[in-house]
S.K.: 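Dumping the structure here so I can ask a few things about it.
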Number of protein chains: 2
Amino acid sequence: MKPTTSDPGPPRRSGRPLRPIATRTLLDIAARVFAERGYDGASLSHIAEQAGLRKASLYHHFPTKEALYEAVMRQLVGDLLRLIHEADLDTGDFATRLDRLGALVIDTFAERPDAARLLVLEMVAGGRYMTGPGAAEVQGTFMVTAAFLAAGMAAGAFREQDPRHLALTIAGLHLYPFAAAGVAGAFLGRGLLEPETIAERKAAVLAHVRALCLPGS
Amino acid sequence: MKPTTSDPGPPRRSGRPLRPIATRTLLDIAARVFAERGYDGASLSHIAEQAGLRKASLYHHFPTKEALYEAVMRQLVGDLLRLIHEADLDTGDFATRLDRLGALVIDTFAERPDAARLLVLEMVAGGRYMTGPGAAEVQGTFMVTAAFLAAGMAAGAFREQDPRHLALTIAGLHLYPFAAAGVAGAFLGRGLLEPETIAERKAAVLAHVRALCLPGS
DNA sequence: GTCTATATGGCGATAGAC
DNA sequence: GTCTATCGCCATATAGAC
C-alpha cells in the first residue's frame, strides 16, 4: 500500500530554513496564544502552527514550554514597566499626573490586547511567573502606585483614604474590562477595542479615577 | 513494616462504596480545583484525589469533564443570582440600595473565594460556559446593573454619566481583588480573606462606589 | 534553523468486577 | 457507587537528517 522506499511524509521536504523566524516574532505569537487559551490550553503544536513552523523547531529557540512562557511574560512586564518609566509621571500637579497615568494604561491595553489578559490570567490562576521571577515587579508596581496616592493625600490633592485599597480598586477597574474584552464588548454592543469604544472607555475611566481620588466637587 | 500478606495495591481494595459521596460535595470540590488551576489545568485525577476517590468513579456522577464543569458553573451562577434576588434591592433610596448591593457582593466573595476566580477565569480565558448556556445570565446581570444606575441618574440621585462604563468599572473593582486574592493579600501584607481584611475591603469598596455614583459631596 | 520520526507520559474515557 | 485495568490520543520533549 505505501510506497516502501522513502515516503517523505505529508507536509514538505526537510532541509534548510526556507524562512527562519525571529525570536521576537515567536514571542509575540506565543503571547497571543497564551492569552487566548491559558498556559495549559496553549499547545506547542498550535503555537508552532500559528508561527508557520513545526513543533520541534520551537525547541531550537526555547528549551521548554515553561521557558517560552517565562520569556513571554518577562518581555511583557518589561515592556509595560519601561513604558511607565518613559512617561514622566513626576511632573505636574497630582490631578494631571493621575490623568496621564490613566490615559497611558488605557492606550497600552488598547494597543496590546493580550497584555491585560495575560496579566489577569497570571494573577488569578497561575502564578507560574508571578510566584517566582515576576513577584517583585508586581508587588513593586502596587507599592509605587500606593505611594503615589499616599503622597497626593499628604499634599492635600487627593481625598484622605486607605491608599492600598484605592490602588487595588484602580487596578481592577483598569484591568478587568480589557481582560474580559469579549464579555465587555458584548455588553457594550460594540467591540471594546474599536477606536470609538476605546475613546469612550478612556473618558469614563479618567472620570472614574478622578471621582475616586479628588475631593468632592 | 507493612502487613505483608496481601498488599492490595496502592490505595484500597475494590468492592463496595465504603463512603459514597454526595454529588453536591463533589461539585464544591471540583469548583475549588477548577478555580485554582483553570479548566485545562484541572485533571480529573486531581479532582478525584481531592474528593477521596478514583478518577473512574467520577464518571458515575458526570458523563464527561465538560459536563462536570458546566454543572459547577451552573450551580455557582445559580447561587449568585438567587442571592441577589433574595436581597431586596428594590426598596430604600438609591444610596442605600447601592450600599446593600456592594455589601452583599463582598460578603459573597468573602464566603466563597472560588466564585470570583471562576467568574473571572470564564470571562477572561474561557467562555466554555459563558459562550453558551451562561451567556444570557452574564449579559442580563450587566444590563440590570446598568439599568439600576441609569434609574438612579434619572432620579437625580446619581451623578450623570455613561451607565454601561460605570457598570464595567464597578464590576472590575469588585471582582479583580478577590479573583487575584493571592496577589492582593501579598500586597496588603495580610490575607485578603481574613476577617479584618474583609472588613477593610468592604468599607473601602462602599466608599469607592459611593464616590463614583453620588454627586460631589 | 527547520524538518521527520519517535520516545514517554498523562489525559479523558470505557469495560467490567464487586 | 466505587474499584482495577486498559484503551487511544495528544501533550511535551528528544534524536538526528539536511
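From a predicted model like this one, the values you see are computed outputs, not experimental measurements. Protein chains get the first letters and strands the later ones, always in sequence-line order, with residue 1 at the start of each.
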S.K.: Quick check on E111(B): does its CD atom have over 12 non-hydrogen neighbours (other residues, nucleotides or ligands) under 6.0 Å away?
M.R.: no

S.K.: Tell me which residues in residues 59-76 of chain B put a heavy atom below 4.0 Å from DNA chain C, sorted by number, or none.
M.R.: Y59(B), T64(B), K65(B)

S.K.: Quickly work out the K55(A) NZ to dT6(C) P distance and round it to whole Å.
M.R.: 13 Å

S.K.: Closer than 3.5 angstrom, by distance alone: can the side chain of H174(A) be matched with the main-chain N or O of I170(A) as a donor-acceptor pair?
M.R.: yes

S.K.: For L44(B) and dT14(C), give me the distance from atom CG to atom P, rounded to whole Å.
M.R.: 11 Å

S.K.: Quick one: I47(B) CD1 to dA13(C) P, roughly how many Å, whole number?
M.R.: 11 Å

S.K.: Applying side-chain contact (heavy atoms from CB on, under 4.5 Å), name anything that partners A181(A), two or more places apart in sequence or on another chain.
M.R.: L192(A)

S.K.: Whole-Å distance between dT12(D) C1' and D40(A) CG?
M.R.: 12 Å

S.K.: So A42(A), base contact, sugar-phosphate only, or nothing? Heavy-atom distance under 4.0 Å.
M.R.: sugar-phosphate

S.K.: Look only at the side chain of K65(A) and the backbone of Y39(A), and say whether a donor-acceptor pair between them is shorter than 3.5 Å.
M.R.: yes

S.K.: Return the value, rounded to whole Å, for the distance between atom CD1 of I21(A) and atom C1' of dT2(C).
M.R.: 11 Å

S.K.: Answer yes if the side chains of T169(B) and R164(B) hold a donor-acceptor pair under 3.5 Å, and no otherwise.
M.R.: no

S.K.: Given atom CZ of R54(A) and atom P of dT6(C), what is their separation to the nearest angstrom?
M.R.: 15 Å

S.K.: Side chains of E49(A) and K55(A): does their closest heavy-atom pair fall under 4.5 Å?
M.R.: no

S.K.: I want to verify a distance call: between dG1(C), dC3(C), dA11(D), whose nearest atom is closest to the L53(A) side chain?
M.R.: dC3(C)

S.K.: Would you mind telling me which of dT14(C), dT12(D), dT2(C) lies closest to the side-chain atoms of A56(B)?
M.R.: dT14(C)

S.K.: Within residues 24-39 of chain B, find the residues that approach DNA chain C with a heavy atom at under 4.0 Å, and present them sorted by residue number.
M.R.: none

S.K.: Do any side-chain nitrogens or oxygens of S57(B) fall under 4.0 Å of OP1 or OP2 in dG1(D)?
M.R.: no

S.K.: Would you call R112(B) and L76(B) a side-chain contact if the rule is heavy atoms closer than 4.5 Å?
M.R.: yes

S.K.: Please work out which of the three classes, parallel, tilted or perpendicular, describes the rings of Y69(B) and F34(B), given edges at 30° and 60°.
M.R.: perpendicular

S.K.: Hey, does R82(A) have a side-chain heavy atom less than 4.5 Å from the side chain of E86(A)?
M.R.: yes

